[in-house]
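Okay, so here's the structure we're looking at.
Every value quoted in this text rests on a predicted model; they were computed, and no experiment measured them. Residue numbers begin at 1 in each chain, while the letters A, B, ... track the order of the sequences.
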Number of protein chains: 2
Amino acid sequence: MTDTSRYTVDATETSLAVLETLVASEDPLGVTAVAETVGVSKGVAHNHLSTLCTNGYVTKNDGTYSPSLQLLSMGSRTRDRHAIYEAAKHQVNNLATATGETATLFVNENGEGVPIHIAETPDGWSPPFHEGSRIPLHLTAPGKAILSSLPEENANTILETHDLVSSTDATMTDRSELVSQLQRIRDDGISFCREEHYEGIIGVAAPISTATDTLTAAIGVCGPATRLNGRFLEEDITGQVLSTTKSVYVNLA
Amino acid sequence: MTDTSRYTVDATETSLAVLETLVASEDPLGVTAVAETVGVSKGVAHNHLSTLCTNGYVTKNDGTYSPSLQLLSMGSRTRDRHAIYEAAKHQVNNLATATGETATLFVNENGEGVPIHIAETPDGWSPPFHEGSRIPLHLTAPGKAILSSLPEENANTILETHDLVSSTDATMTDRSELVSQLQRIRDDGISFCREEHYEGIIGVAAPISTATDTLTAAIGVCGPATRLNGRFLEEDITGQVLSTTKSVYVNLA
DNA sequence: TACCTTGTTCTAGAGTGCAGAACGAACCGG
DNA sequence: CCGGTTCGTTCTGCACTCTAGAACAAGGTA
């Protein structure tokens with residue numbers, strides 16, 4: 001008995017597992033492969049796949065199944081619910097163009113950092129996360145910027161419910177050390193990440209100030225340390241991030 | 001008995017209806033509102049909502065529910081399955097910058113046109129559709145470009161299974177007329193839309209040629225007729241669309 | 001305080017989703 | 001051309017899950 005909370009719809013969980021299996025796979029999958037991955041019988045996998053199919057979440061080609069772009073539609077609708085996205089996306093694009101580096105817009109969802117816009121440059125480098133990923137707040141520059149600008153009690157509940165999981169050697173796993181760094185971020189208005197999330201990747205970010213406290217988001221720039229080292233200050237990328245967040249603030253008013 | 005095909009998982013359909021209700025709503029919804037919209041009892045709505053919640057598809061705040069950015073994550077993963085997206089996104093961005101107008105990348109999914117990338121300009125105008133929407137192929141310039149470049153039998157099955165639904169007065173609802181227009185598009189390599197999808201919006205598009213016939217996609221430019229009229233030829237926006245698709249072709253090789 | 005209206009929990013039984021087996025089609029090597 | 005394998009699909013009956021509806025708790029309002 002998979003008793004997560006007594007009032008859980010098992011069939012739904014099976015369907016979601018099927019869908020996630022398809023999304024996670026590189027290539028289209030057949031019924032048998034899905035059944036094995038999810039751990040159900042072939043017949044059941046078939047029932048769930050055809051249900052997802054008739055509802056438009058999955059497409060079928062030559063007996064193999066793939067997730068459909070309906071997910072993109074719902075995802076983009078969900079992103080549009082965050083007012084900050086419309087208010088900031090062009091400025092984030094401009095930031096990427098001006099710096100020649102990847103610029104990102106992060107929001108806080110349930111105590112985790114989620115990039116809802118990633119503006120890449122045509123140089124071919126892409127960050128190792130994608131739009132919609134959940135990334136622990138303490139791991140990235142935008143995440144720490146968000147943490148630093150949250151009301152203190154909210155930040156504390158987040159730190160209590162989410163472990164400071166380690167991602168690289170540089171990850172900040174000590175809470176008191178993190179708290180003092182957050183204070184420095186509050187003082188300076190700027191947040192840095194030095195390979196704390198991925199080896200070889202560094203970033204800067206600043207929180208987006210808001211009149212009301214309902215919004216919490218941050219804008220950042222990140223890229224390979226080999227290319228970016230020193231440039232945050234030398235080329236004033238830091239200043240560009242700050243003025244971007246300020247112009248978004250004006251845009252919101 | 002909702003007998004769509006005898007082997008359908010009803011509980012899954014209920015959960016999907018719940019999720020879609022949340023996505024469609026502007027604001028977070030409570031249990032009662034969801035129950036009414038979906039047409040189930042309060043208790044059942046609650047079960048499905050908490051199932052979606054524990055699985056990360058929905059977030060809960062003060063007793064109201066919203067769709068979560070997990071949908072964006074899965075949507076963006078699904079988009080990344082289309083190799084054309086990586087190959088074309090920067091060129092589409094450049095096209096938008098060069099023309100000062102909205103540029104789009106469409107693919108064909110199950111006989112419908114789906115924009116998987118929309119590059120807007122900072123002028124504030126946004127197209128009335130969003131990434132992931134399904135749009136009948138005959139309604140848009142990119143859609144017709146796709147139809148024209150499909151192998152003839154595939155195009156025919158699409159025209160047989162999808163009605164030429166009317167969207168505006170200008171919509172092409174006559175099949176033979178459409179077929180002859182498609183031939184012209186094949187000859188010219190370029191496709192136009194003159195308010196056939198929405199009043200006041202016009203567009204140009206060209207299909208992306210491919211060595212293998214597996215890919216079918218198109219790149220276009222669209223915007224308000226009041227601003228765009230005449231400029232397709234005068235400013236050679238048409239030529240820019242064409243050279244963009246050519247450079248993507250090279251990029252794919 | 002009394003009375004709404006929320007969200008949540010509970011229960012019992014109708015009916016549905018489940019495993020597993022059987023079917024048919026496609027493919028492959030001999 | 002044919003036995004063997006593997007696939008997707010269909011089938012069946014029973015166990016158990018999901019459902020409706022009622023009851024409960026918690027807030028808000030007058």
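- Rounded to whole Å, atom P of D/dT9 lies 11 Å from atom CG of A/Asp62.
- Between the side chains of B/Thr171 and B/Glu196, not a single donor N or O lies within less than 3.5 Å of an accepting N or O.
- Interface remark: the A/Lys42 side chain does not form any donor-acceptor pair with the C/dG20 base, using a distance-only criterion of under 3.5 Å.
- Straight-line distance from the CG atom of A/Asn61 to the P atom of D/dG8: 14 Å, rounded to whole Å.
- Counting to the nearest Å, the P atom of D/dT6 and the CD atom of A/Glu36 are 12 Å from each other.
- The nearest heavy atom of DNA chain D to A/Gly30 and to B/Gly43 marks one nucleotide each, and the one closer to the 5' end goes with A/Gly30.
- In this structure, B/Ile185 and B/Ala145 approach most closely via the heavy-atom pair CG2-CA, 4.4 Å.
- In this model, no donor atom of one side chain and acceptor atom of the other lie less than 3.5 Å apart for B/Asn156 and B/Glu160.
- Straight-line distance from the CD atom of B/Glu13 to the P atom of C/dG17: 9 Å, rounded to whole Å.
- At least one donor-acceptor pair under 3.5 Å links the side chain of A/Arg79 to the backbone N or O of A/Ile116.
- Nearest nucleotide to the side chain of A/Val31, out of D/dG8, C/dT8, C/dT16: D/dG8.
- Separating the CG atom of A/Asp10 from the P atom of C/dC18 is a distance of 8 Å, rounded to the nearest angstrom.
- Under 3.5 Å, the side chains of A/Asp10 and A/Thr8 contain no donor-acceptor pair of N or O atoms.
- For B/Thr14 and A/Asn47, each mapped to the nucleotide of DNA chain D holding its nearest heavy atom, the one lying further toward the 5' end belongs to A/Asn47.
- Across all strands, B/Thr32 comes closer than 4.0 Å only to sugar-phosphate atoms, never to a base (heavy-atom distances).
- A straight line from NE2 of B/His46 to C1' of D/dG21 spans 16 Å, rounded to a whole angstrom.
- Counting to the nearest Å, the P atom of C/dT8 and the NE2 atom of B/His48 are 15 Å from each other.
- Each of C/dT16, D/dA20, C/dA19 was ranked by its minimum atom distance to the side chain of B/Val44; first place goes to D/dA20.
- Of the candidates C/dG17, C/dT8, D/dT17, C/dT8 carries the atom nearest the B/Tyr65 side chain, counting heavy atoms from C-beta on.
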